[in-house]
**Student:** 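Below you'll find the structure I mean.
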Amino acid sequence: MQTATLQFTEFPYERPDLDAISTEFRETLEQFKKAANPDLAFRTLEALYTVRNNFESMREIASIRYTIDTRDPFYEAEQGYFDREQPRFAGLINAYYEALLASPHRAALEARFGSQLVNMARLVIKTYSPEIVADLQEENELTTAYRKIKASASILFDGEQRNLMAMMAFLRHKDRDVRRRAADAYWNFMTVNQGEMDRIFHELVKVRHSIATKLGYTNYVQLGYDRLGRTDYGSVEVARFRKQVLEEVVPLASAIKKKQQERIGVDTLKFYDEEYMFRSGNPEPLGDPEWIMEEGRKMYEELCPETEEFIHYMLDARLMDLVTKPGKASGGYCTYIHNHQAPFIFSNFNGTAMDIFVLTHEAGHAFQVYQSRHFPFNEYNWPTMEACEIHSMSMEFFTWPWMERFFGPSADKFRYMHLLKALLFLPYGVAVDEFQHFVYENHNATADERAAAWKSIEQRYLPHKDYDGNAYLESGRAWQMQSHIYEVPFYYIDYTLAQICAFQFWAKAEDDREKALADYVRLCEAGGSKPFLELVKFSGLDSPFEEGTVASSLGRISAWLSKVDDLALETA
Ligand code: ZN
């Protein structure tokens, strides 16, 4: 007889006692330090990870339940507890990493589990010192202040108060005047807050530079890379990648924009026209969120045996909360609960094509962590973020053959839009990255000097931009809406690196779907056991940093796009 799968709502929760955990953790760590041989060292590590997993699993369960219903006072209090105690818990992990690096059995452990764990430990140690605690708190407060400004947006538009997210929907409106007015209202909100956002960013740059110098770096750039756990490439490689995008993608993007301008029938493509891709509107799914879920289940059952097992587990244990409802936090994410080997997908389905992106993108993340649940170390469950996005962005492409189910006759329109958007994102993504290099290499620059730098970067990477005289945007401050720049410096390039890798999986799947899928599953199984470039090589992809990779990935994409009669899609 089969035992029933435990469902997420039945996962037991109890607030962990951090005092008790600290004592147990430190005692086990002492045993690790004294371990007479590698086997013993490994066994004490297992015990150490059990203590750690208990804490982290409770933290994830509390956080998921809180975001599912932010009005629940119990989980709100629990979330507060973890927010307060997280630094203390991080201190324990730090102590463990120090012991690991100093262990006489380190080489033996590396021989058994690879060097990635030790490399990650080294970076965590390098980027922390008790001396920077007050600075870290200030950095946190500043990013929270930025988030608060954006969340405070309540813009009166067409008779209703709307937030920034809701305003974005009007940029796809068929009436050009509505698009223009919506864009004006959106950027007017940003203009009103420009002074405060300039100030917050200035303070952030200052405090990050201070953290960097206290830790012995010359500026924040390398610290930013280290914080992201990048162990096998640096700013030189990233600069080489940006150059490829500039040379290969920018001309193509300009041609695509020209085509869009003709398709939607405007004399010049203004900034408020860019989201409006088709006169006949964007493709929409044929059913409601429940129907999308049901079609999604069938899709993953058919895709490959591994995704079939995965989707059954996710559904049986109810590890997805997808439909928007009162009290739910906004946005979407995928996380992992160690003690149950359970991924969890959270989103706010709203009946648009975005739901299909969530269904494929977040499921790609969840599928990967499910495939790498066999690792004994949490550090290996997820890789670094640029590698994580390969799993999700590639899953968006592997599910292409099922798009007729979701969009009917508009499936080609959806696929065309998907590729266009992925490609057009690249110049913007690298512009954001280049800007941040300027910012942290010139930490003394004024707000206006930063704006001037953005403007010149934008002119090179996004030459088609037409701000139609909008003073705020013309002044070089469009970057202020990009939360990553405030919250996680140097993160943004990850999406572009992953996109080039996902394009390669797309092309491979066009040639030999089975082989491409096998490589993809292998990549997912490797989890975070290797650094980015090794994962790329391991799954048979070319490094995005290598000269020619961007050009060859793009060649296939532009050949596909050029065969599409975009005007015919207007009637699809
Ligand atoms: Zn993602």
Side-chain angles (χ1 to χ4, degrees), residues 60 63-64 67 165 168 227-230 292 296 299-300 303 307 310-311 314 319-322 324 329-337 342-350 352-373 380-400 414 417-419 421-426 428-430 432-433 482-506 520-521 523-528 531-532 535-536 539 541 544:
E60 292 311 311
S63 160
I64 294 167
T67 52
M165 196 60 191
M168 296 294 276
R227 274 178 163 187
L228 291 166
R230 295 172 181 169
I292 292 173
M299 173 173 79
Y300 286 118
L303 203 148
T307 57
F310 157 75
I311 198 69
M314 296 296 282
L319 295 167
M320 295 185 274
D321 197 298
L322 302 179
T324 189
S330 61
Y333 62 77
C334 171
T335 186
Y336 183 65
I337 309 159
F344 193 95
I345 302 177
F346 174 97
S347 83
N348 280 281
F349 272 17
N350 60 3
T352 70
M354 273 314 290
D355 297 355
I356 309 300
F357 274 116
V358 173
L359 186 71
T360 56
H361 183 101
E362 297 301 337
H365 286 308
F367 176 66
Q368 177 265 306
V369 74
Y370 184 72
Q371 292 305 111
S372 59
R373 67 193 182 283
Y380 287 3
N381 288 138
W382 305 99
T384 42
M385 292 195 283
E386 72 294 73
C388 277
E389 293 305 319
I390 306 178
H391 315 128
S392 52
M393 290 175 163
S394 303
M395 187 62 99
E396 293 173 15
F397 289 130
F398 279 120
T399 51
W400 262 25
F414 174 82
M417 268 186 53
H418 181 185
L419 265 195
K421 286 194 164 223
L423 193 145
L424 289 172
F425 173 72
L426 296 170
Y428 175 72
V430 301
V432 166
D433 183 67
Q482 195 61 59
S483 56
H484 304 67
I485 297 177
Y486 282 79
E487 293 172 17
V488 195
F490 296 110
Y491 173 23
Y492 216 56
I493 196 76
D494 296 47
Y495 295 102
T496 64
L497 297 172
Q499 192 65 72
I500 294 297
C501 296
F503 280 164
Q504 295 180 55
F505 270 126
W506 172 85
Y520 173 73
V521 172
L523 171 71
C524 293
E525 284 168 356
F532 174 58
L535 285 172
V536 164
S539 52
L541 304 176

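Nothing fancy with the numbering, it's 1 onward along the sequence. Atoms within a ligand are numbered from 1 in the order they appear, just like the ligands themselves. Computed over heavy atoms, backbone and side chain alike; hydrogens, waters and symmetry mates excluded.
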**Student:** Examine all N, O or S atoms of C388, backbone included, and report whether one is under 2.8 Å from the Zn ion (ligand 1).
**Tutor:**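 No - counting backbone and side chain alike, C388 has no N, O or S atom under 2.8 Å.
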**Student:** Parallel, tilted or perpendicular: which one describes the rings of F425 and Y495, with boundaries at 30° and 60°?
**Tutor:**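 F425 vs Y495 ring planes: perpendicular.
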**Student:** Hey, is the Zn ion (ligand 1) within less than 2.8 Å of some N/O/S atom on C334?
**Tutor:**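 So C334 does not bind the Zn ion (ligand 1) by this criterion.
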**Student:** Below 2.8 Å, can you find an N, O or S atom of E389 next to the Zn ion (ligand 1)?
**Tutor:**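 Checking the Zn ion (ligand 1) against E389, an N, O or S atom does fall under 2.8 Å.
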**Student:** side-chain hydrogen bond (donor to acceptor under 3.5 Å, both in side chains) for E389 and H361? Distances and angles first, verdict last.
**Tutor:** CA-CA 9 Å; E389 293 305 319; H361 183 101; 3.1 Å; yes
**Student:** Classify the ring geometry of Y491 against H484: parallel below 30°, tilted from 30° to 60°, perpendicular beyond 60°.
**Tutor:**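 Taking H484 first and then Y491, their aromatic rings sit tilted (interplane angle of 30° to 60°).
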**Student:** Would you indicate whether M385, at its atom CE, is surrounded by more than 12 heavy atoms from other residues, nucleotides or ligands within a distance under 6.0 Å?
**Tutor:**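 Yes, enclosed.
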